[in-house]
Amino acid sequence: MRVAPYEAEDVLQELLATHPDLLAGGQMTPDVPRRWLLVRREFGVPDRDGGAGRWSVDHLFVDQDGVPTLVEVKRSSDTRVRREVVGQMLDYAANGVRYWPLQDLRVHFEQTQRDVGQDPQDAISRLCGDAMITVEEFFTKVAENLRTGRIRMVFVADVIPDELRRIVEFLNEQMNPAEVLAVEVKQYLAEGYPGKTLVPVVYGRTAAASVKTTPQRPNLQEMRQNADDHVRALWERLEQWARQQGRTLQNAPSGVRVLSQSGLRIVQLYPLDAVLCFNLDPMRHRGHESLAASCLASLRALTPKTLTTAYPSVPARDAVAGWDRVEELLDRLSPL
């Protein structure tokens, strides 16, 4: 077999979008190989709150821990595969961490998955190996990682030049919790064989970089203790409502859930984001479209915040102020 260049940069970009395993997650973290789902190709990066995308990163993925993974693709024939691409990536990372709205990330992810015929909820469940995790819960983890700077920057090319490799190794040793890696994806062709073989190799995991620690998520007790007054008040009211119903709240990694009588997850409280999220999409999938529509109308009357139609999240402050209406919605949703 012989090494062959890619016909165009877009060929490699498309291959990554359809085959994220080319990022070689097993080489990045051998003990727990990384798996990815695509949020979007050519994802806009704003440079201010509410701004339009000033730049666009080639691919934005998320792994099973909700770590945003920014991927920039260049062919070795592009001279920018050296120093210039590093500056571009740092621009994307610095501004994305600060200005990407969580709602935009989730909306683009859901659209990307639907475009390829996948249900977003099923895709998240398979990625995480957890049938109970919701899209909303998962993207709460994504938001936490963005807040703490826990992201991954990956340069992909058919050949990684030595000087880019040295820069990547240096940055990956110095940056924490962010990661910087390079993936070389060589293409091999054989005479008389119509297919192609792609071989990825990861650079940047030096011994010094491998000992970086991962920040630990606070447990539920710590979340409650550190939460603001509105979150604690809302938590107590949810517990009181559950006791009146002869039930308990279900603990989850990012907060607590309210389940319907059939076990459907209907509401989650996310203490770190100080929001109460209503799962309306699962109701629609079970044929309760009119109920979901009326719930959304009631929730929009509770808060000036713009709410999504699938998983609207009401700020804890507004949920406490409008508790009578929230309690009425819980009573309506509980029998499902």
Side-chain angles (χ1 to χ4, degrees), residues 1-28 34-47 52-63 67-96 100 105 108-109 111-113 115-116 151-169 171-172 178-190 193-205:
M1 304 187 78
R2 61 179 177 83
V3 177
Y6 293 92
E7 297 87 344
E9 189 175 291
D10 191 63
V11 173
L12 182 52
Q13 289 191 9
E14 181 63 27
L15 285 168
L16 284 171
T18 55
H19 300 84
D21 287 346
L22 286 173
L23 292 175
Q27 295 181 40
M28 291 182 183
R34 297 295 87 195
R35 302 185 301 274
W36 286 278
L37 284 172
L38 179 64
V39 175
R40 183 174 171 175
R41 284 185 63 178
E42 299 297 337
F43 193 77
V45 183
D47 62 354
R54 177 177 175 180
W55 309 278
S56 64
V57 63
D58 287 341
H59 302 75
L60 177 63
F61 293 94
V62 285
D63 73 7
V67 176
T69 300
L70 293 71
V71 175
E72 193 66 11
V73 180
K74 292 285 186 289
R75 286 196 297 169
S76 57
S77 58
D78 188 339
T79 57
R80 293 175 299 169
V81 77
R82 292 169 171 82
R83 291 187 182 91
E84 185 178 333
V85 71
V86 176
Q88 286 180 338
M89 180 69 87
L90 294 176
D91 269 337
Y92 302 159
N95 288 276
W100 269 332
L105 296 178
H108 285 298
F109 166 79
Q111 186 60 54
T112 295
Q113 297 308 308
D115 286 346
V116 296
I151 62 172
R152 184 179 297 109
M153 293 165 272
V154 182
F155 303 97
V156 176
D158 53 340
V159 177
I160 300 297
D162 287 344
E163 59 184 19
L164 176 59
R165 178 176 173 177
R166 287 192 295 270
I167 292 171
V168 165
E169 289 174 348
L171 290 175
N172 202 29
E179 276 189 297
V180 185
L181 299 165
V183 180
E184 184 176 85
V185 185
K186 287 188 181 296
Q187 177 179 241
Y188 291 85
L189 302 179
Y193 177 64
K196 62 184 70 175
T197 299
L198 304 176
V199 181
V201 177
V202 173
Y203 296 111
R205 285 194 56 79

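Note: Q13 CD to E42 CD = 5.5 Å, rounded to the nearest 0.5 Å. Residue L23 holds its CG atom at 10.0 Å from CG of L181, rounded to the nearest 0.5 Å. Between M153 atom CE and L171 atom CG the span is 7.5 Å, to the nearest 0.5 Å. Note that the NZ atom of K186 and the CE atom of M1 stand 13.5 Å from one another [nearest 0.5 Å]. Rounding to the nearest 0.5 Å gives a distance of 12.0 Å between CG of L198 and CG of D21. Interatomic distance, T112 OG1 to R40 CZ, rounded to the nearest 0.5 Å: 7.0 Å.
Of all heavy-atom pairs between Y203 and V168, the closest is O-CG1, 3.9 Å. Contact detail for I151 and A93: the closest heavy-atom pair is CD1-CB, 3.6 Å. Residue A17 comes nearest to H59 through the heavy atom pair N-NE2, 3.9 Å, listed as atom of the first residue, atom of the second, then distance. Heavy atoms only, all atoms of each residue included: F43 and H108 are closest at CE1-CD2, 3.3 Å. For the residue pair G204 and E169, the shortest heavy atom distance occurs at CA-CG, 3.8 Å. Annotation for L37 and Q113: closest pair CD2-OE1, 4.0 Å, computed over non-hydrogen atoms.
Here the options are V202, T69, L16, the test is side chain to side chain contact (heavy atoms under 4.5 Å, CB included), and the partner is V154; only T69 passes. With R152 as reference, D63 is the one residue of D63, N172, L70 to meet the side chain to side chain contact (heavy atoms under 4.5 Å, CB included) rule.
In this structure the side chain of L22 never reaches within 4.5 angstrom of the side chain of V183, judged on heavy atoms. No side-chain heavy atom of V39 sits under 4.5 Å from any side-chain heavy atom of F61.
Checking side-chain atoms of E72 against main-chain N and O of Y92 turns up no donor-acceptor pair under 3.5 Å. Judged by distance alone, with hydrogens and angles left aside, the side-chain atoms of W100 form a donor-acceptor pair with the main-chain N or O of G44 at under 3.5 Å. With hydrogens and angles disregarded, no donor-acceptor distance shorter than 3.5 Å links the side chain of R165 to the backbone of I160. In this structure, the side chain of E184 does not engage the main chain of V201 through any donor-acceptor pair within 3.5 Å.
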Could you check L60 against L105 for side chain to side chain contact (heavy atoms under 4.5 Å, CB included), going step by step and ending with a plain yes or no? CA-CA 9 Å; L60 177 63; L105 296 178; 3.7 Å; yes
For V62 and W36, what are the C-alpha separation, side-chain angles and deciding distance, and is it a side chain to side chain contact (heavy atoms under 4.5 Å, CB included)? CA-CA 5 Å; V62 285; W36 286 278; 6.0 Å; no
Could you go through the side chain to side chain contact (heavy atoms under 4.5 Å, CB included) check for V45 and R54 one step at a time? CA-CA 6 Å; V45 183; R54 177 177 175 180; over 6 Å; no
Given side chain to side chain contact (heavy atoms under 4.5 Å, CB included), test W55 with Q88 step by step and report yes or no. CA-CA 9 Å; W55 309 278; Q88 286 180 338; over 6 Å; no
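Salt-bridge formation is detected for the pair D10/R41: a Lys NZ or Arg NE/NH1/NH2 atom is positioned less than 4.0 Å from an Asp or Glu carboxylate oxygen.
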